[in-house]
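What follows is a short report on a single structure.
Proteins come first, then strands; the chains are lettered A, B, ... in the order of their sequence lines, and each starts at number 1.
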Amino acid sequence: MNFVEDLKWRGLIKDISSPALEEKLNKGGLTFYIGTDPTADSLHVGHLSSFLISKRLKEAGHHPILLVGGGTGMIGDPRPTAERAMISKEEVKKNFEGLKAQVERLFGFEVVNNNDWYKDINIIDFLRDYGKYFNVNYMLDKDIIRRRLDTGITYTEFSYMILQALDFKYLHENKGVDLQCAGSDQWGNITAGIDLIRKSTGDEVFGFTMPLVTDSQGHKFGKSEGNALWLDKNKTSAYKLYQFFVNVEDSMVIDYLKIYTFLPKEEIERLEKSNKEQPELREAHKALAKEIITFLHGKEEYDRAINLTEHLFQNKFQDLSKQDIEDLFGNEDIKEIEANKNILDVLVGVGAASSKREAREFVGNNAISINGEKITDMDKVIDETMFIEGSYIVVKRGKKNNYIAKMK
RNA sequence: GGGGGGAUACCAGAGCGGUCAAAUGGGGCAGACUGUAAAUCUGUUGGCGCAGCCUUCGGAGGUUCGAAUCCUCCUCCCCCCA
């Protein structure tokens with residue numbers, strides 16, 4: 001199976017600018033780029049699939065460049081629904097530094113900043129040198145713009161595709177970039193760049209996109225309770241990330257293994273069989289979570305996540321020492337609460353319930369346990385003796401939600 | 001510029017003077033069943049000192065014993081005509 005066949009098997013190719021690209025991809029030696037705007041100081045799970053493709057390309061002998069849009073980040077890539085809130089220049093700068101460090105560490109890509117070339121282009125040159133290549137009719141015809149016409153789009157965001165096209169041209173001319181890859185929402189911007197380069201230089205460059213990763217309902221994949229799952233372990237702990245992937249739906253787990261891991265076809269097919277024949281072993285899920293956590297955070301963090309998982313899900317708290325707890329929960333959010341408080345106050349204090357009314361509901365539903373012991377009495381007082389070595393309690397809500405608190 | 005319709009809890013959407021903390025559906029959360037899966041069923045989904053009280057129905061005033069419901073002004077959205 002050659003490289004492109006493998007990509008196709010993994011379901012990683014959606015749009016491809018020219019069939020001629022396939023042969024080039026198999027051959028190796030291309031310099032390509034992938035871009036992201038510094039909207040936050042860390043990547044999240046939503047970015048992961050396209051960055052992993054870049055990693056695959058790198059391993060297939062191509063040279064990756066990551067463009068972090070220090071300039072485009074100040075403009076805002078149009079979303080299908082509504083205008084973006086502008087990010088302050090300081091924020092963009094801070095985010096840029098965060099992303100640069102993260103990507104260099106995780107992926108080892110060369111990082112460039114489009115602000116470095118924008119700063120030398122004045123407005124008249126911009127309109128003369130680039131604006132002339134963009135007929136407004138052409139721009140209006142792009143799906144992303146068309147979807148915004150009824151709700152409105154500002155001139156600022158409307159201009160975004162010109163900037164991204166300009167990036168492609170700049171990198172083509174100065175870095176020898178001949179290929180851009182991205183998620184499918186970037187297709188319009190990619191083709192804008194390909195067209196600009198063809199019209200202005202006559203050169204043929206390429207682009208391809210990968211499909212948006214979704215769950216079985218077609219919803220965008222990679223959010224937990226509506227919140228982003230960050231690739232920075234200080235923002236989303238390895239344990240939380242592990243839990244997210246180990247809980248993925250059966251019907252999707254094989255697709256995700258193809259997208260998010262470098263496991264070979266034979267191994268994934270074996271896991272597929274295992275999932276079908278002995279689903280209760282959850283082998284495929286565990287492999288998925290393991291591969292991702294080890295790749296992002298290393299073996300040690302993975303081991304901690306597993307260890308924590310075992311203690312939390314098997315209610316093994318009695319044998320834990322204070323030190324064990326500190327080691328295990330080191331990266332989790334540890335709240336401080338006072339002893340001798342009513343269970344309802346504890347639940348709210350630890351974040352397990354958002355109000356006492358809700359706390360009552362959880363206790364009434366038999367959903368709460370402390371250090372593995374079910375609590376059914378609303379008037380239960382959590383005294384010092386319940387804190388492990390006078391320090392910690394582990395509050396569990398439902399099957400999967402755990403909270404740790406330290407005695408104040 | 002003229003005419004009309006609308007803004008209700010996370011979302012959609014009923015309510016159109018008291019019985020409204022506000023129907024119904026979706027989503028969320030929890031329980032049961034399981035495999036930390038899916039589907040299904042059940043409960044729950046403003047807050048609190050919880051058989052009671054407090055704050056909510058775009059914003060500000062007003063009428064009334066009493067307003068999400070009526071009146072005035074303001075803000076925003078949609079539709080039709082020019």
Problem set entry | Flag for A/N26-A/E23: side-chain donor and acceptor within less than 3.5 Å | no

Exercise. Does the salt bridge (Lys or Arg N to Asp or Glu O under 4.0 Å) test come out yes or no for A/E5 and A/K8, once each step is laid out?
Worked result: CA-CA 5 Å; A/E5 281 165 358; A/K8 284 183 175 166; over 6 Å; no

Exercise. Do A/E384 and A/N340 have a side chain donor and acceptor closer than 3.5 Å?
Worked result: yes

Output a table of donor-acceptor pairs, distance under 3.5 Å, between side-chain atoms of residues 131-141 of chain A and any protein atom two or more places apart or on a different chain; print 'none' if there are none.
unit_1: A/N135; atom_1: OD1; unit_2: A/N137; atom_2: N; d: 2.9
unit_1: A/Y138; atom_1: OH; unit_2: A/K142; atom_2: NZ; d: 3.2
unit_1: A/Y138; atom_1: OH; unit_2: A/D195; atom_2: OD2; d: 2.6

Exercise. For B/C29, what is the paired nucleotide under Watson-Crick or G-U wobble rules, both distances under 3.5 Å?
Worked result: B/G43

Seminar exercise, completed: Ranking B/C29, B/C33, B/G35 by distance to the side chain of A/N401, first place goes to B/C29

Seminar exercise, completed: So the salt bridge (charged side-chain N to carboxylate O under 4.0 Å, His left out) pairs with at least one residue in residues 32-48 of chain A (sequence neighbours excluded) are A/D41-A/K235

For this session: Check RNA chain B against residues 271-278 of chain A and give the residues with a non-hydrogen atom under 4.0 Å, in numerical order.
Result: none

Problem set entry | A/F168: partners by ring-ring contact (aromatic ring centres under 6.0 Å, His included), with sequence neighbours left out | A/Y33

Exercise. Does A/H44 have any ring-ring contact (aromatic ring centres under 6.0 Å, His included) partners at least two apart in sequence or in another chain, and if so, which?
Worked result: A/H47, A/W230

For this session: Please list, by residue number, the residues of residues 352-367 of chain A whose heavy atoms come closer than 4.0 Å to an atom of RNA chain B; answer none if no residue qualifies.
Result: A/S355, A/K356, A/R357, A/R360, A/E361, A/F362, A/N365, A/A367

Problem set entry | Residue list, ring-ring contact (aromatic ring centres under 6.0 Å, His included) with A/W117, at least two apart or on another chain | A/Y170

For this session: For A/F109, check ring-ring contact (aromatic ring centres under 6.0 Å, His included) against everything at least two apart and list the hits.
Result: A/F107

Please tabulate the protein-to-nucleotide N/O contacts below 3.5 Å involving nucleotides 38-40 of chain B, giving atom names and distances.
none

Exercise. Under 3.5 Å, is there a donor-acceptor pair between the side chain of A/N114 and the main chain of A/G71?
Worked result: yes

Seminar exercise, completed: Between A/S54 and A/C181, the two heavy atoms sitting closest are OG-SG, 4.0 Å

Problem set entry | B/G18: pairing nucleotide in any strand, Watson-Crick or G-U under 3.5 angstrom | B/C65

Table of protein N/O atoms under 3.5 Å from nucleotides 53-56 of chain B N/O atoms:
none

Exercise. Residues two or more places apart in sequence or in another chain: which of them pass side-chain contact (heavy atoms from CB on, under 4.5 Å) with A/K299?
Worked result: A/T294, A/D303

Problem set entry | side-chain hydrogen bond (donor to acceptor under 3.5 Å, both in side chains) involving A/N366 - partner list, sequence neighbours excluded | none

